[in-house]
Amino acid sequence: MDPKMINVFQPSLGDDELAAVGEVFKTSWIGRGTKVAEFEEAWAAHLGVGRSHVTSTNSCTEATFLAMELFGIGPGDEVVLPTVNFVGAANAVAAHGARPVFCDVDPELLNPTVEDIERCLTPKTRGVLLLHYGGRPGYIVEIAKLCQDRGIWLMEDAANAQSSSVDGKAVGTFGDISAWSFDWGKIAVALDGGILYAKDPAVTAEAAKRAYLGMAQSSGFSEAHRTQTRWWEFEVSSFSRRSIMNDVQAAVGTTQLAKLRDFVKRRRLIAEFYDSAFAEVPGLHTPPPLPDGHESSYYIYWVQMDPAIRDAVARQLFDEGIYTTFRYQLLHKVDAYGSDAELPSAEKAAASTLCLPIHQALSDSDIGRVVDTLARAVRDRTHG
């Protein structure tokens, strides 16, 4: 990162996290241990679910790959997912021999509607892999009902939505399986890592085994080994990878989770300031208001403008030390997936949308600079 650049995403790390890591170092054990268990317990409590519903992984992407295995998808299957999406989601589908089927999105919300998904369902559809763009719940309630009615599974990619909810129910608990990310660019971070949630605790237990080489019993030290002989012996239930978190990551993650409420509160204030300031700029459109009962994590803040000026505006902001982006690239345009879909709303959004800096480390002067620079860049190009 350029320290002089105002970044789109940036973690907030300091003495508390260093102290937590120091406590792990004192134990002489930095692998998966008690801190990982504490992090999983804290995340389950944050979601309002039992501990048996969650297990950690080394990334959200790995949790998504695991989910495809747990759903048993393979050649001949189709999985519907929005084209505005992270590449790891489509890779997880394609890597298992299934076909990712990309659906359109609401051009202002950048989340798919029920109708967008329904248009893509075929007899080969096994499930839906839904991203919550920007941390907004989107149409999750209606989409969950659609999947239930059609007898197909639903996975929520809640990487953007660490603290989002609908009527008090946590985003990520509407689907059959969900995954969250805690990499460097998320709101609460664990250096890296992910969490997998499953509605059925038996699925969570299977995911935990697959995340550790498919071993039915760990060969490392545990309290259970005090009553066992040959505790070093194990059996394998699946030919799986090693994709676990460690206690260093978990110690940071647990410390960050205690701050998540305040992080989101700060991001909400920034979003509200942007909404108010940009309402006065002709030609600049802000995200739609949240529906009643919806809570966002404010992970992404985006504006939309005439596609003819969007790229030039982004370049001017970059040259003046403000990083912007469009997140995420339209996956139906990526040759590797072999899609011939025509998705006009997503293409309209991709041409007109710019994601602005929004993170809890932004100072008031940073925010003012973003507002002033963007407003000037748009006005200069709108009025000549």
Side-chain angles (χ1 to χ4, degrees), residues 1-14 59-61 84-88 108 110 131-136 159-162 181-189 191-192 256 263-264 266-278 281 283-287 296-331 333-334 346 349-382:
M1 273 188 191
D2 182 345
K4 298 179 181 179
M5 184 76 72
I6 298 178
N7 299 305
V8 175
F9 306 124
Q10 185 172 307
S12 297
L13 298 166
S59 70
C60 182
T61 296
V84 181
N85 215 324
F86 181 57
V87 62
E108 295 182 338
L110 286 88
L131 175 75
H132 297 285
Y133 187 84
R136 289 182 169 226
N160 288 196
Q162 289 183 348
S181 173
F182 298 91
D183 70 20
W184 71 270
K186 297 306 183 288
I187 305 173
V189 305
L191 308 182
D192 212 338
Q256 287 269 291
F263 288 169
V264 173
R266 174 62 175 168
R267 297 168 87 104
R268 180 187 299 114
L269 290 174
I270 295 169
E272 290 172 351
F273 185 83
Y274 281 163
D275 283 345
S276 177
F278 296 139
V281 181
L284 201 57
H285 305 283
T286 56
S296 175
S297 298
Y298 299 94
Y299 178 62
I300 295 173
Y301 186 92
W302 65 97
V303 291
Q304 294 180 319
M305 65 196 77
D306 186 339
I309 68 169
R310 195 274 309 269
D311 291 356
V313 167
R315 170 52 58 187
Q316 180 172 335
L317 266 63
F318 184 89
D319 290 344
E320 296 192 33
I322 299 169
Y323 192 89
T324 61
T325 187
F326 174 63
R327 193 173 177 99
Y328 303 86
Q329 179 178 342
L330 302 183
L331 295 186
K333 294 290 190 179
V334 176
S352 62
T353 302
L354 200 59
C355 301
L356 304 183
I358 182 166
H359 53 81
Q360 57 275 4
L362 286 173
S363 67
D364 289 350
S365 62
D366 289 336
I367 299 163
R369 188 171 142 204
V370 171
V371 168
D372 292 345
T373 308
L374 177 60
R376 172 165 42 84
V378 171
R379 286 187 175 118
D380 287 349
R381 287 165 177 80
T382 300

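- In plain terms, the two heavy atoms of L374 and M305 that are nearest each other are CD1-CE, 4.4 Å.
- L191 places none of its side-chain heavy atoms less than 4.5 Å from the side chain of P11.
- Residues T353 and R310 approach most closely at O-NH1, 2.6 Å, considering heavy atoms.
- Between the side chain of Q256 and the backbone N or O of L13, no donor-acceptor pair lies under 3.5 Å.
- Interatomic distance, W302 CH2 to I358 CD1, rounded to the nearest 0.5 Å: 10.0 Å.
- Contacts of D311 classified as side chain to side chain contact (heavy atoms under 4.5 Å, CB included), with partners at least two apart in sequence or in another chain: none.
- The side-chain heavy atoms of I270 and Q360, taken from C-beta on, include no pair separated by under 4.5 Å.
- Screening Y133, F263, F9 against Y299 for a ring pair (Phe, Tyr, Trp, His ring centres under 6.0 Å) leaves a single residue, F9.
- At most 12 heavy atoms of other shown residues, nucleotides or ligands fall within 6.0 angstrom of atom OH in Y323.
- For the atom pair CG (L269) and CG (L362), the distance works out to 12.0 Å, reported to the nearest 0.5 Å.
- No donor-acceptor distance shorter than 3.5 angstrom exists from the side chain of R381 to the backbone of I309, with no hydrogens or angles considered.
- In this pair, Y301 and Y274 present their aromatic rings tilted. The plane angle is within the 30 to 60° band.
- Across all non-hydrogen atoms, the minimal contact from V334 to Q329 is CG2-NE2, 3.6 Å.
- A search for side-chain hydrogen bond (donor to acceptor under 3.5 Å, both in side chains) contacts involving E320 returns Q316, R376, not counting sequence neighbours.
- The main-chain N or O of S352 is never found under 3.5 Å from a side-chain atom of Q304 such that the two would form a donor-acceptor pair.
- Between W184 and D192, every side-chain heavy-atom pair lies at or beyond the 4.5 Å cut-off.
- Side-chain contact between P287 and R136 is present, with heavy atoms from C-beta onward closer than 4.5 Å.
- The two residues Q10 and A361 have their closest heavy-atom pair at NE2-CB, 3.9 Å.
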Chi angles and distances behind the side-chain contact (heavy atoms from CB on, under 4.5 Å) call for D306, T382: CA-CA 9 Å; D306 186 339; T382 300; over 6 Å; no

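- Taking CZ from R327 and CG from L354, the interatomic distance works out to 13.5 Å, rounded to the nearest 0.5 Å.
- Defined by atom type and a distance below 3.5 Å, a donor-acceptor pair is missing between the side-chain atoms of T61 and S59.
- Residue pairs satisfying the salt bridge (charged side-chain N to carboxylate O under 4.0 Å, His left out) criterion with at least one member in residues 355-372, sequence neighbours excluded, are listed as follows: R266-D364.
- Across S296 and V264, no two heavy atoms sit closer than the pair O-CG1, 3.9 Å.
- Rounding to the nearest 0.5 angstrom, the gap separating the CG atom in L131 from the CG atom in N160 is 5.0 Å.
- Interatomic distance, OG1 of T324 versus CG of L317, reported as 5.5 Å (0.5 Å rounding).
- Shortest non-hydrogen contact noted between P357 and N7 is CB-O, 3.1 Å.
- Rounding to the nearest 0.5 Å gives a distance of 11.0 Å between CG of L356 and CD1 of I6.
- With hydrogens and angles ignored, the 3.5 Å screen pairs a side-chain donor or acceptor of S297 with a backbone N or O of Q162.
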